[in-house]
Amino acid sequence: MEGGRGDGRGPLECRATFLRTGVVGGATGSAYLEVGRSTRMVVSVWGPRQRDRDGEGSSPHEMQLDCHVHLPFARGEAEEAAGSRGTERERTLARQLEQGILPSIQQDRLKKCCVEVQCTILESNGSDFTPAILCTSFALASSNIPLYDLMTSCTLVVVEGRILLDPTAAELARSEDEVSLAYMPSRDQVTFVQACGDWSERSFKECMDNCVDGCKKMRAVMRSFLVELGEGGGRPASHSLDYFQGGGEVCDQGPGAGEDDAGEKAPMSGGDDDEPRREGGGGAARFEESRVSEKLGNLVVADQDLDAELDTLLDV
Amino acid sequence: MQEAEAFKRLYPEEYLDRFLVKDIRPDGRGLRSTREISVHASPLSSAPGSAVVRMGNTTVITSVELGLFDLGEESVAGRLEHELDVGPLGTTHNNGSIARNRQQTSAVSGRVRQILCRSIDLGSLKLSEPGEEASPGGGKAWALHVKSVCLSLDGCLFDATLASAVAALATLRFPRRLEQLGEDAAGEDGGRPEGDGALRFLWVPACTAVALHKGRLLVDPTDFEESLASAVVAVVWGRRADSPGGEEPEVLALELGSEGQRASVDAQLVRRCLGVCGGRGTSQRLAALASLLVEDIDGGEADGMMEA
Amino acid sequence: MVLVAESEVVCPGDKLGRDNEDCVSGANTHVYKGYVIASTLGKLVCEQPSKLDFGLDPGSTTTTTTTTMGEASGKRLPVVSIRAEGSKPGQGEESVGALSIGDEVLCRVKRLNPRYASCDISCKGNSPLIKEFLGIIRVQDVRATEIDKVSILSSFRPGDIVRAEVISLGESQSLLLSTAKDHLGVLHAKSEQGETMVQVSPTEMLCPVTKAREERKIAQ
Amino acid sequence: MATTGEDVWVAGVRGNVRQDGRENSEYRRITIQNGTIEHAQGSALVQIGDTKVLAAASLEIGEPREGRPKSGVVRVTVDCTLCYPVDGTNWRSYDRYGKDLASQVEDLYNGPRGSSKGVLDEENDLCLAEGQSVWCFTIDCVVLSDDGSLLDCLSLACRSCLCDVGIPKFEVLETNEVGPSGPEITIEEDPNQYWQLQCARVPVYVSLGLVETLWVYDLCKNEENHCRSRLTFGVDASGAIKQVVSGASGTCVNYSRNVANIIEAACLAGRKLLSSIDSVDQGKDQHLFHIGK
Amino acid sequence: MVDGGRGDGREDLELRSSRYELGVTGVGNGKVEGSVRLTSGRTEVAVEVKGPEASLASVVVKPTANRDRVSVNVKSVVSPVSGQSGEREQALEESIIKFVAGVLDPSCPPRTTITVVAQILSEDGSLLACLLNATALALMEAGIPLYGTPVSVAVAVAHSEPSPPRLCLDPDLAEERTSQLVGTYSYLFSSVDSSESAIEEMKANIVHVSTLGNSNAQTALHALTVAEKAARLVLRTRAC
């Protein structure tokens, strides 16, 4: 599959994303996410409430995170044994979502409380985990629950030797290697890894680096959207936001737009800039620093403009 | 603002009465005004027919799946099943009962199915083989699996579900040839089968609910008003599909539930209800749904702005 | 210097400044690796503590992250906190919902038994919680004086609205509440006939219709 | 909310000594016994410290997976209701836990979705008639007792019982019409004609507990309760990484400083573990391992 | 429906003969407090009522803030003539729950559970009306305080385009299938004494209405008033 992918994107381009918060009435926080018009999901966060008696948390004083995933319109491969397959897929996704999101919530401030996250995937084309994490992170941010950081996520596949970000379902089916990552950029902590494929030590580290850089990019843009939402005086900004501004192909450095292209740069929100990214902790520093972020170049979004039909889908 | 919220939580009845005395409602609407309904056709690209309906804070998305089944000797019409899923509302939803109460959701879904069966010409679902003449028994017919998911609930679950199911069925397009259904199921990039056959409607139904609170009628109640109401009347109005502009909408179904000890409901009150909720609110909703039938479905968008 | 300008929107994870050098962590912020970091989405509020007053007036709800005053060296550091958009200005309110020790709550008495009154906690301070929490007022926490002669029936009745204070998160399902202080106790009570009752003496309420007197632990 | 138990655990890791005297990088005694069940084609009882798993493999001819006409099929089931006290209601959550473990190990053997062949097929030819019939392995594991590192023990048990399986020779009769279940195949009865699977490329799980910048191998049960960050790597004999899964909710790995070392540590552990297992000749069944860092 | 008289020779506004026996089942664990076997024409139902019993801890109880709201938890099970209880039975259960909650008197002890178990013995039209009548009788026999005397009636409107619509009471299955509109109306009659003359002035409080089928507003209201008169008729036959 030479040149761009099916829908004209560069290998490292992510699909255009449409996002809206405050979609579910009555929920403490909610968000609607749409990736490339083929993955649509709604996440609603029901704020800190009393832990119910059978909460299985280790000690009754701990906070309990209760994640549920619903795939009401599961079609295609989940169809034939929708009974077991559907619920099993829902269960594993819910477990992964909980693992990914829990570290970003300040648990010691929500003692004896339970936070309930309901994620409904209306349609999915490509990995489910990444959009679920993004949408949940937005819903949490808009629900005033104390967080350590915004949780970002990225999925990377290798198809015929080429690294592709944000794969569609077709590319996922043909992937030789696949890495999904949940990452807190300003704390520089990975909270969830799911990888399947065949790597040597070095190539796996590079794959992880690519994924982490993807997450960092995403955080800058998530932040700019939330700032807009914040300035909107509480009314959720009603327009769509294309992800990952910037241009240029993978190898050659894109024109102009450097790494911090996402509007005004929030103070040191990128990574731990003052700590060299990978100093030789524990004497195992045998990987020479290959400036992976240069190799990754700018993440480019396919600049389709989203017409009015999409915009009014869930206007408040 | 916080004190008002606390007062509402502790003394809900008094809170609502303070508003009703001045003939307005907590969300600023008049007693007679329905909420703005926005119908959006085919949001799901992978489903033959789908629609999302927003009425205020109540959002229901519906998708229609097609199936084929062999007709028995005597039955001549297609089949329609409806399923309602309120799972996403979770257990914390303030009237937690509906999320947990399997019975209430299946009762709502049962009523929606009854009304859909009456308002669609199920006979048109029978597939007449192009070659042989349409024999009475035998042959194949379409089975419609309508699945609705309530994403956000703020009162009138039945109204929103019915409207979204009707809109989804209106956007439904049957694939032209039988074998296309085969490859449609494994739709390569999930594109909807472009077919021309649309569903034939007999009636275009739209429901408006009225809540009775201490003698006052509140049209299109929110969750808060529904929980305090002593009686709820749900009237399903319908217009004949072939003459949308035509005469007065007819009553397709009437559902009334009242707590005898708190409300005295008599024929006179029901007449007032029919009068009140038959007004512009309902005709706007009927117009919004009817427009979906007529216009072709390139993702059309019908907005029934309604402010009495 | 604080890195973010006043009333600029910040989102969780943004660094606001070095702890105890640029600023001090206030409401809705936390400290990580020597930095004050924002915990919620909202506008930044910098309060310059005018004088080193340590007295925390009981009325205002104390924020859970103790507002550490600037160092003793008199260098007054701005207290950085985040006001969630939509909430009233100046009220650096912790995110609603998480109850902690010392919070004042409004609750409705559900059930009585000789040893405690169990109630539904509906509001923290004046803002309603998303869902009711379960709370228990033990008989020894009803009053500050002669606590062994207190009888629950003479203090509360089901349906009363009570202002209480959380004294412990308790080990089982419910929180422990107390109405020992004077300003805590029954705020609003209905008599047997459902009429709102009027306070006639420090410990008694009168039903205007039936003139029946009922004892309550009334909030002064 | 550091309970005293957790402080002791963290201090121990910093001082490179654990409650049971092991160093950070020391495995518990690993014992592998093959052929424990006679009637099964292949079986193995594996013990890591007190964690005991019994695995039995059975072999049959079945349909290949669609999309992979030539590769063998591996199905894994795990039953862990024996090792947890099961009262009236929670048996369902334990068989769900078993199902999760089974699907994880199965993914380990199937490899990524796009690749045309599973892990076993890299060195062994499991195809009888392309597209119609291939060798299908069904591995049933029973968890006898669980004292931490259950996934490691499970994957080790599956691998050793796969090595234990003897696969008969076969001959495809050249009949033109093909029966409903594929072409006619006769199986060679003579047992000493059987050949064994090459398991060099079959990966095994190595899980690491992460404390600040240090890592710990082979956690026992109460260490697992204290250590919230855990990563599990599927590593094969040559040190290649086949699968990575994060162990527990609340995993927090500091990326820039730690991940490089952790990946390298996991590959090292996998290589050493598998090389010492394969080097031991089949006779002696007692294995004692000490993996130095 | 055959033009002129109805299938079984009844007049339009004539009810089917209905018989009910009280205290029939009382079998099994003997805890059953009220049981009725009601036959109306060829539709026959048996209903048992248990309670008010202490409700389980896990039951969600509505707030008891205001006094006049009944905070009783009602459970109902409807089993069909044969086979599994399907969607239709669940809809019937839901209507029974709403009906009972609407009919109980607030003095009924709060935080309790009332269980209504219904078995459909044979079905020939106006099933819901029979079920609601049988439930009401069983509640009365169990001594549960009601806010009045509930009576339910089924009405069907025949297809008759030109002339004004023909209403008929207590339709059987054949009539229900062919009629344009089918409705079930239940009323709550409450007054001080139930002497002969007083029944006329009793206040008829509509508790439950569910109709299906298209008709213009006038016909719907017309059916409502006819059903009210029929309900008074049933009450008088039951009173004497």
Side-chain angles (χ1 to χ4, degrees), chain A residues 21 26-29 46-53 55 59-61 63 104-106 108-116 137-138 140-152 184-187 219 222-235 266-269 272 275, chain C residues 1-5 7-17 27-35 37-44 63-65 82-87 93-101 120-121 124 129-135 166 168-175:
Chain A
T21 53
T28 333
W46 304 89
R49 61 174 170 82
Q50 178 100 30
R51 263 176 64 133
D52 31 31
R53 241 184 304 282
S59 86
H61 274 273
M63 186 206 97
S104 76
I105 300 177
Q106 295 193 17
D108 50 3
R109 287 215 178 139
L110 297 169
K111 280 199 168 53
K112 283 191 82 149
C113 295
C114 160
V115 175
E116 187 177 336
S137 190
F138 264 101
L140 281 173
S142 71
S143 70
N144 285 339
I145 287 178
L147 302 173
Y148 289 120
D149 184 11
L150 286 177
M151 184 62 67
T152 59
M184 287 205 276
S186 69
R187 282 189 157 217
R219 176 166 195 302
M222 277 166 87
R223 198 192 165 291
S224 66
F225 179 81
L226 277 175
V227 164
E228 230 165 78
L229 174 67
E231 262 133 23
R235 259 197 53 71
M268 290 196 282
S269 78
D272 277 358
E275 275 169 23
Chain C
M1 46 70 189
V2 182
L3 299 165
V4 180
S7 83
E8 197 196 303
V9 178
V10 280
C11 71
D14 286 359
K15 288 192 172 63
L16 306 176
N28 292 339
T29 59
H30 65 282
V31 178
Y32 175 71
K33 276 193 189 155
Y35 284 93
I37 296 182
S39 306
T40 58
L41 177 71
K43 290 192 165 66
L44 190 74
T63 56
T64 49
T65 52
I82 294 177
R83 181 168 43 75
E85 14 78 27
S87 72
E93 189 51 56
E94 263 313 297
S95 71
V96 177
L99 285 174
S100 48
I101 293 174
D120 272 350
I121 300 171
K124 166 183 168 185
L129 298 169
I130 288 91
K131 202 156 188 281
E132 280 80 16
F133 275 72
L134 290 179
V166 178
S168 121
L169 295 181
E171 64 303 319
S172 71
Q173 180 75 356
S174 45
L175 308 165

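Reminder, nothing fancy here: chain letters follow the sequence lines and each chain counts from 1.
Of all heavy-atom pairs between A/Asn144 and C/Thr40, the closest is O-CG2, 3.8 Å. A pairwise comparison of heavy atoms in A/Gln50 and C/Ser174 identifies NE2-CA, 4.3 Å as the closest pair. C/Cys11 and A/Arg219 make their closest contact through SG-NH2, 4.2 Å (heavy atoms, listed as atom of the first residue, atom of the second, distance). When all heavy atoms of C/Phe133 and A/Arg49 are compared, the closest pair comes out as CZ-C, 3.6 Å. Smallest separation of non-hydrogen atoms from A/Asp149 and C/Gly13: OD1-CA, 3.6 Å.
Partners of C/Val9 under the side chain to side chain contact (heavy atoms under 4.5 Å, CB included) rule, at least two apart in sequence or in another chain, are A/Val227, A/Glu231, C/Leu41, C/Lys43. With sequence neighbours excluded, the residues forming a side chain to side chain contact (heavy atoms under 4.5 Å, CB included) with A/Gln106 are A/Asp108, A/Arg109, A/Pro146, A/Tyr148, C/His30, C/Ser39, listed by chain and number.
In terms of modelled atom types and a separation under 3.5 Å, the side chain of A/Lys111 and the main chain of C/Leu169 share no donor-acceptor contact.
Atom-to-atom distance recorded for A/Ser186:OG and C/Tyr35:OH is 11.5 Å, nearest 0.5 angstrom.
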